[in-house]
Amino acid sequence: MAKVRVRFAPSPTGELHIGGARTALFNYLFARKHDGVFILRIDDSDEERSRPEYVEGLMESLRWLGLDWDEGPYFQSQNLERYHRAANLLLENKKAYRCYCTPEELEAGREEARRKGEAYLYPGKCRNLTPEQEEKLRAAGRVPVVRLLTPDRGETVVEDLIRGSVRFDNALIDDFIIIKSSGLPTYNFASVVDDAQLEISHVIRAEEHLSNTPRQILCARALGCAIPSYAHLPMILAPDRSKLSKRHGATAVEEFREKGYLPEALVNYMCLLGWSPSLSGDEEILPLEEMIARFSLERVNKTAAIYDTEKLTWMNGHYLREGNLERITRLAVPFFAAKGLVSPNPGKEELGKLQKVVSLMRERAKTLSEMAEASSYFYSADYEYDPRGWEKHFSREGTGSLIDKIAGELEALPDFKPGTIEEAFARLAQETSLSLGRLIQPVRLSVSGRTGGPDFYELLSFLGREETVRRLRRTVQQLEGR
RNA sequence: GGCCCCUUCGUCUAAUCGGUUAGGACACCAGCCUUUCAAGCUGGCAGCAGGGGUUCGAAUCCCCUAGGGGUCACCA
């Protein structure tokens, strides 16, 4: 089998969203699986909508996800010469022709087709212009486009690795434009020229391109290029089943990053959208290596998948808990810094403390931002606790009395003088230069239903009072008659 | 509207050549654990879009209907 070469070819018209990221992921997985080459190409042939400033963001998102590419980025805007040569070749071979129809004229035809409820097809008006006629039109100030001369009969078959043979009637494909009057190539043409130049073996892209594929095959044939294998991935839809867009909330990779999602969680979640790793289907948490080892286009679904963040969030919590603590801590820094809890570039000591906080809080937070949100008590005395939480644990029958006993034990420690529970906590706080809020956090959040705080044991462990923890546990067990 | 693709729990999905009590995961509910919140463990709820065929037997093959999506640009 020839070398596998695949490409991810976004157009720089916005941020990398989850649909594009999934396409990139599948290309990446396929390339790695087959020991192939993953290429990044920027499809910026449209000067109107392409914005250079998006390119860096696109690459940054890809890097963050860990989808590093082997070649590129290549830019279509820097390959214009090649498209012109290819188009001229077609013109010479009479496989393409110049068309002088104005947009207004075309619009009229389109309008008519709409009225009749038909699809508009360019009628081929300029197919057989003589050089003299062309000269005249040019003299009249008309700037031509170049159209591909397409067959009127027969069919063009797309052999799709995911969908099988998809047949298109050539009679329904008109002589489409390959070079605009501006001299720039259209997508269908540029893409084919580039894929041939880069020797792309497999075109893996979203399903929305399926109906463009016969046009591209026609281009490739006219050019005499090899036709790559195609694989059209199912779409990713918003919860309301419509195409993903800004109004559906977080869809950009960058937004997930800002919300405190881990790249490995996003990648894991995305790979499950439209693909299933195993035959029994019970392993859903899988590291990148495993994804690569198991990946195959044959196991990609045909059905569009609805994207829904609940599972992603669950996965993120999993990776937060199971991940390497130092790494998670490092990734948490910007989130804690944003809350003013740590400095943006924390020193060793500050980082050490943060790591302790993270190790305590990652057991319950689902995202990094949620973790930072719930950790302010560790850094500030400026707090409020939920009175209902206080009441639940200190005033109510049963639980309250148990807590009282635990507090009694606390107070009996050499470091504590008799007093109320709150005072005991206050002393502990003072003594350890940690905020009272931090100590009361479990109370505060126990009722509000948000990310909970660490328990007393964890807090005491955090303070290095392992002996106290042991004594408390013993006491509680005795109290409960065990 | 034309063309193309698709249709298993609410969501992501499994079920190799037709024979399964249609499996798992997330979410939800309950129980256990527990000083709170989580986490963890156990259990539960919930699905083959509908209708015809073919067959001893269909989620699986064929047809029709319905529904969803994509695409019909001098956008990609």
Side-chain angles (χ1 to χ4, degrees), chain A residues 9-13 43-46 48-50 76 99 101 103 106-107 110 113-114 116-121 143 145-147 158 160 162-163 166-169 172-174 176-182 184 186-188 190-191 206-214 232 234-235 237 239 241-243 269 272-285 301-315 317-318 321 361 363-366 374 389 392-393 399-400 402-403 405-407 441-457 472 476:
Chain A
S11 59
T13 53
D43 281 9
D44 59 351
S45 65
D46 178 36
E48 295 279 307
R49 306 201 320 169
S50 292
Q76 290 193 323
C99 166
C101 297
L106 297 175
E107 189 47 45
R110 221 171 267 131
R114 244 196 304 275
K116 287 197 266 184
E118 293 167 354
Y120 173 74
L121 296 175
V143 184
V145 297
V146 178
R147 287 180 186 272
V158 178
D160 191 280
I162 295 171
R163 277 147 227 282
V166 185
R167 329 183 83 85
F168 292 88
D169 188 343
L172 267 17
I173 299 173
D174 65 0
F176 56 93
I177 294 170
I178 58 176
I179 300 286
K180 309 177 211 172
S181 57
S182 62
L184 295 170
T186 56
Y187 164 74
N188 284 323
S191 190
E207 194 196 335
E208 56 186 321
H209 293 288
L210 183 55
S211 27
N212 272 319
T213 308
H232 286 93
M235 302 285 292
L237 269 24
R241 301 199 67 84
S242 69
K243 206 173 171 179
Y269 176 71
L272 259 19
L273 247 31
W275 178 70
S276 169
S278 66
L279 263 63
S280 52
D282 54 345
E283 297 140 89
E284 307 212 324
I285 296 284
N301 290 291
K302 299 180 179 72
T303 328
I306 293 173
Y307 129 94
D308 170 48
T309 49
E310 302 226 59
K311 195 162 181 172
L312 201 212
T313 303
W314 165 78
M315 260 183 191
H318 172 88
R321 262 174 269 124
M361 297 306 289
E363 296 298 322
R364 26 184 79 73
K366 291 222 178 356
K392 181 174 179 182
H393 297 291
T399 316
L402 181 60
I403 297 278
K405 287 165 187 162
I406 293 168
Q441 182 190 9
V443 176
R444 177 185 190 247
L445 291 180
S446 62
V447 169
S448 58
R450 295 172 42 224
T451 305
D455 63 30
F456 297 151
Y457 297 139
L472 281 180
V476 168

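When heavy atoms are screened at a 4.0 angstrom cut-off, A:S181 is found touching base atoms of the nucleic acid. Among the heavy atoms of the strands lying under 4.0 Å from A:F168 are primed sugar atoms or P, OP1, OP2 only; no base atom is included. Among the heavy atoms of the strands lying under 4.0 Å from A:C101 is at least one base atom, whether or not backbone atoms are also near. Heavy atoms of A:G317 sit nowhere under 4.0 angstrom from any nucleic acid atom.
Using a 4.5 Å heavy-atom threshold, the side chains of A:V145 and A:C101 count as separate.
The side chain of A:D308 has B:U11 as its nearest neighbour among B:U11, B:C12, B:A14. For A:W314, the listed nucleotide lying nearest its side chain is B:C26; candidates were B:G40, B:G24, B:C26. Comparing B:U7, B:C12, B:C74 by their nearest atom to the side chain of A:L272 picks out B:C12. Taking the side chain of A:V145 as heavy atoms from C-beta on, and the options B:A38, B:C74, B:A76, the nearest nucleotide is B:C74. Side-chain proximity of A:I177 to B:A39, B:C74, B:C26: nearest is B:C74.
For B:C72, the paired nucleotide is B:G1, the pair qualifying as Watson-Crick or G-U wobble because both relevant distances are below 3.5 Å. Using N1 to N3 plus N6-O4 or O6-N4 for Watson-Crick, or N1-O2 and O6-N3 for G-U wobble, each under 3.5 Å, B:A22 pairs with nothing. Remark: B:C29 base-pairs with B:G43; criterion is Watson-Crick or G-U wobble with both hydrogen-bond distances under 3.5 Å. If you check B:A58 for Watson-Crick or wobble pairing at under 3.5 angstrom, you find it has no partner at all. Under the Watson-Crick or G-U wobble criterion, with both distances below 3.5 Å, B:A66 is paired with B:U7.
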Working for side chain to side chain contact (heavy atoms under 4.5 Å, CB included), residues A:V166 and A:H232: CA-CA 11 Å; A:V166 185; A:H232 286 93; over 6 Å; no
Derivation of the side chain to side chain contact (heavy atoms under 4.5 Å, CB included) call for A:L106 and A:Y120: CA-CA 9 Å; A:L106 297 175; A:Y120 173 74; 3.7 Å; yes
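Using C1' as the reference atom, B:A15 and B:U21 are 14 Å apart when rounded to the nearest Å. When the C1' atom is used for both B:C63 and B:G1, the distance is 24 Å, rounded to whole Å. For the P atom pair drawn from B:G57 and B:G18, the interatomic distance equals 15 Å after rounding to whole Å.
What separates CD1 of A:I179 from P of B:A73 is a distance of 19 Å, to the nearest Å. Rounded to an integer number of Å, the gap from CG of A:L106 to C1' of B:A73 is 10 Å. If you measure from atom NZ of A:K302 to atom C1' of B:C4, you get 15 Å, rounded to the nearest angstrom. Distance, A:L273 CG to B:C26 P: 16 Å, rounded to whole Å. Taking atom CD1 of A:I173 as the reference point, atom P of B:C3 lies 14 Å away to the nearest angstrom. Spacing between atom OH of A:Y307 and atom C1' of B:A27 amounts to 16 Å, rounded to whole angstrom units. Distance A:E363 CD to B:U34 P: 18 Å, rounded to the nearest Å. Rounded to whole angstrom, the span from the NE2 atom of A:H318 across to the P atom of B:G40 amounts to 9 Å.
The two residues A:L237 and A:M235 make their nearest non-hydrogen contact at CD1-CB, 3.8 Å. Closest heavy-atom contact between A:L272 and A:E284: CD2-O, 3.5 Å. When every heavy atom of A:Q76 is checked against every heavy atom of A:A190, the shortest pair comes out as NE2-CB, 3.5 Å. The two atoms that bring A:T303 and A:P234 nearest to each other are O-CB, 3.1 Å, heavy atoms only. For the pair A:Y269 and A:D308, the tightest heavy-atom approach, listed with the atom from each and the gap, is OH-O, 2.7 Å. Pairing each heavy atom of A:L172 with each of A:L121, the nearest pair is O-CD2, 3.3 Å.
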Letter per nucleotide, 5' to 3', of nucleotides 43-49 of chain B [B base touched, S only sugar-phosphate touched, - untouched; heavy atoms, 4.0 Å]: -------
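Phosphate contact (OP1/OP2 of B:C75, side-chain N/O of A:K180, threshold under 4.0 Å): present. Between A:N301 and B:A14 there is a side-chain polar atom (N or O) within less than 4.0 angstrom of OP1 or OP2. Here A:T186 does not reach the OP1 or OP2 of B:C75: none of its side-chain N or O atoms lies under 4.0 Å away.
In textbook terms, a nucleotide whose glycosidic angle is within 90° of 0 is syn, while B:C26, being further out, is anti.
Applying the salt bridge (charged side-chain N to carboxylate O under 4.0 Å, His left out) test to A:D174 and every residue at least two apart in sequence or in another chain returns nothing. Under the salt bridge (charged side-chain N to carboxylate O under 4.0 Å, His left out) criterion, A:E107 pairs with A:R110, A:R114, not counting sequence neighbours. In this structure A:R163 satisfies the salt bridge (charged side-chain N to carboxylate O under 4.0 Å, His left out) test together with A:E207, sequence neighbours excluded.
Side-chain atoms of A:K311 and base atoms of B:C12 include a donor and an acceptor less than 3.5 Å apart. Counting atom types as modelled, A:R364 pairs a side-chain N or O with a base atom of B:C37 as donor and acceptor under 3.5 Å.
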Give me, pair by pair, the N or O atoms of the protein and of nucleotides 59-67 of chain B that are less than 3.5 Å apart, along with how far apart they are.
none

Can you check nucleotides 69-72 of chain B for protein contacts, nitrogen or oxygen pairs under 3.5 Å, and list what you find?
residue, atom, partner, partner atom, Å
B:U71, OP1, A:E208, OE1, 3.3
B:U71, OP1, A:K243, NZ, 3.1
B:U71, O4', A:S211, OG, 3.2

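Counting only distance, with no hydrogens or angles, the side chain of A:S181 and the backbone of A:V143 share no donor-acceptor pair below 3.5 Å. A:D43 places no side-chain N or O within 3.5 Å of a backbone atom of A:S11 that could act as its donor or acceptor partner.
Toward the 5' end of RNA chain B, the nearer of the two residues A:R163 and A:P234, judged by each one's closest nucleotide, is A:R163.
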